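For the numbers below, each heavy atom of this structure counts, side chains included, while hydrogens, waters and symmetry mates do not. Counting from 1, the numbers follow the sequence of the chain as shown. Since this is a predicted model, take the numbers as computed values, not measurements.
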Amino acid sequence: MRRAAVKALRTSYQCTFRGLRASRRGSPLPLLQSSKAASSGSPTAHYNPRLGTATARYLSSTGARDSSGTHHSNANPEPLRSSMYVRGAFVTLLSGLVAYGAWYNSGDSNNDSPIASTTSVTTTATGAVPTRSVLVIGADELHTGTFVGDGPISKTTSDNERVVEMLSPEQATRKLRQYEQSVYVNRGQGVVRYDVSQLPSNDPIEDDHAEKIVEVPNKAQSSDPSDWMFWGVYDGHSGWTTSAKLRQALISFVARELNETYKSSPDLIPSAAAVESAIKTGFTRLDDEIVHQSVQRVLKSNNRLVAAEHLAPALSGSCALLSFYDSKAKLLRVACTGDSRAVLGRRSESGKWTATALSTDQTGSNPDEAARLRREHPGEEHVVRHGRVLGGLEPTRAFGDASYKWSRELSEKLREKFFGRSVSPLLKTPPYVTAEPVVTTTKIEPEKGDFVVMATDGLWEMLTNEEVVGLVGKWIESQAGSSSKSSGYFSFLQKGSKTALPVESSESEKNSGNKTPIRQRQWGATGTDPMERFVVQDKNVATHLVRNALGGKNQEQVSALLTLPSPFSRRYRDDLTVQVIFFGYDGPKTGEIVVNKEATAAALAAAAADGNKTGPVKPKL
């Protein structure tokens, strides 16, 4: 998660024409200008004699401050790990039950194997000469170009520019698909499939995610059981330990509260207010364990190792976006703490999709959140400064971030005895940040093919709600009538226009209070025909969204952004985690949860096949 203030980005390119250097700035340009465009009209690309490369200048940016990771483990039966570690089962039957029913966990196992680079060969009159594309990374700008010859590529120039070999389009695609996952939910309970994709920018990635399904038996023996389904995305900052803790525990904490609420209600049908209260209680109890109970254990032990294990998730932080679907009531509750976002796509009578935000970004730039903080901390002029809590933290709600929740005395005591973060000089009346979510309730219409996109803010920095829904709609159209297994799950849809995104424009969405994407804010619209920018070529719809967020049809831009190593990549893109849930009743109803191998990274699909067989869900009381 990008936590430092993002200054204005400027786009430019340089070229030489008859020995004169020309530059152009100010007009709306794509995120990265292709070298073909940069050298059109006869001028040649700018030649860099130090590198022996012809380069085209792309993006200039004042770099955002990188968030610092905290590499500590947590004292749990399962130690905390970043989501880039292999976690074994892809679809695993969980043995520990929180509510009554059988739990299924779709983990986010990952294989962090490197992407090998390739070298093309150019044939000339004197023979074959290897030609390699390179990316030149400056302090606040990028260049691309080609390196001709078989000599080594200099890693650092005299101007402290770093030179790396560009990923080819094929290598970029492999990197995009490295952590994608897809699951068919053949249970006839209103959900047919969900796709997940992650793309790290931090090393290790600070995002995380979790997906769980529990079968809930009804009191009446003649009634069929229903499902509770959970999906969560967790956007960490200042380290990965808090988001990893949420992956392990948040759904369990919420499900425990829901279980008690449903059991104590007549006919297992609690009120809407009771369900919302249960979800909020699950969130705040977990945050209390992370922030306050951990301190008690540390002070009791008086041991630095114990402090390292327990305080890491408290000192780092994470936003959380959790969806809970009750298949019997067809109600989707979305609980948001922070600035991740959920958006509903629903087919209208016109045949196009409509985009409806199911959450609101909770940052200091949100007028409602800023007003709430000023009400809770009267007389504190700088409780929100420059759109940030005490001028430092962007989200107004988050797990962890204990330096905004502990008293000054406690923070200084822990820092003196063990370790900790510096306390803001503006801190007077903590806590300033809460983990209590804002919960919305939406009636889902599976028969209409509703879908929901949940993603960390890295996606919404680059795409609008309408673009995301339109891109999913375009992807669905590409599946209809295809030979892919997916076509059976979208049989009610027809192929649409080859040009326009099938989404309706909405004034209410433009004034929803959510942040405007950086791309739009900095460069404006990049063309009247969206399909000139966007592309459909991925089997996994979450990967499809990530690709188009990075540039879509502009393959050179996509490759450049994927080539950037950490920490340089944080100046231009954030960690990305995307979940897409498809509602409906199509597909087989076998009771199984099945890995969709054609939309799942090969390593993850193999892990699922080796030791994680899926089968019919059987309730366990």
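- Residues forming a salt bridge (charged side-chain N to carboxylate O under 4.0 Å, His left out) with Asp287 (at least two apart in sequence, or on another chain): Lys405.
- The side-chain contact (heavy atoms from CB on, under 4.5 Å) test with Glu369 is passed by exactly one of Thr396, Val384, Asp361: Thr396.
- With sequence neighbours excluded, the residues that form a side-chain contact (heavy atoms from CB on, under 4.5 Å) with Thr434 are Arg372, Arg397, Glu436.
- Applying the side chain to side chain donor-acceptor pair (under 3.5 Å) rule to Ser407 yields no partners; only residues at least two apart in sequence or on another chain are considered.
- Residues passing the side-chain contact (heavy atoms from CB on, under 4.5 Å) test with Val275 are Leu258, Tyr262, Pro270, Ile279, Phe324, Arg333, sequence neighbours excluded.
- Scored by the side chain to side chain donor-acceptor pair (under 3.5 Å) test, Ser422 finds Arg415 as partners (sequence neighbours excluded).
- Side-chain polar atoms of Ser316 and Thr241 form a donor-acceptor pair below 3.5 angstrom.
- Scored by the ring pair (Phe, Tyr, Trp, His ring centres under 6.0 Å) test, Phe399 finds Phe283 as partners (sequence neighbours excluded).
- Residues that satisfy the side chain to side chain donor-acceptor pair (under 3.5 Å) test with Arg408, not counting sequence neighbours, are absent from this structure.
- Ala402 meets the side-chain contact (heavy atoms from CB on, under 4.5 Å) test with Val291, Ala314, Trp406; sequence neighbours excluded.
- More than 12 heavy atoms of other residues, nucleotides or ligands sit less than 6.0 Å from atom CZ of Arg297.
- The side chain to side chain donor-acceptor pair (under 3.5 Å) search around Glu260 returns none, not counting sequence neighbours.
- Other residues, nucleotides and ligands place more than 12 heavy atoms under 6.0 Å from the NZ atom of Lys443.
- Side-chain polar atoms of Asn540 and Ser197 form no donor-acceptor pair below 3.5 angstrom.
- Looking only at distances, a side-chain donor or acceptor of Asp575 sits under 3.5 Å from a matching main-chain atom of Asn202.
- Checked against salt bridge (charged side-chain N to carboxylate O under 4.0 Å, His left out), Lys280 has the following partners two or more places apart in sequence or in another chain: Glu276.
- Without hydrogens or angle criteria, Thr242 side chain to Ser318 main chain gives no donor-acceptor distance under 3.5 Å.
- Counting only N and O atoms by type, the side chains of Glu180 and Thr543 include a donor and acceptor under 3.5 Å apart.
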Legend entry - Criterion side-chain hydrogen bond (donor to acceptor under 3.5 Å, both in side chains) on Asp203 and Ser566, from CA distance to verdict: CA-CA 6 Å; Asp203 185 14; Ser566 180; 5.5 Å; no

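- Within the 4.5 Å cutoff, no side-chain heavy atoms of Met462 are placed close to those of Leu576.
- Residues Val343 and Val468 are not in side-chain contact: their nearest non-hydrogen atoms beyond the backbone lie 4.5 Å or more apart.
- The side-chain contact (heavy atoms from CB on, under 4.5 Å) search around Ala329 returns Asp326, Leu331, not counting sequence neighbours.
- Between Glu206 and Asp235 there is no side-chain heavy-atom pair separated by less than 4.5 Å.
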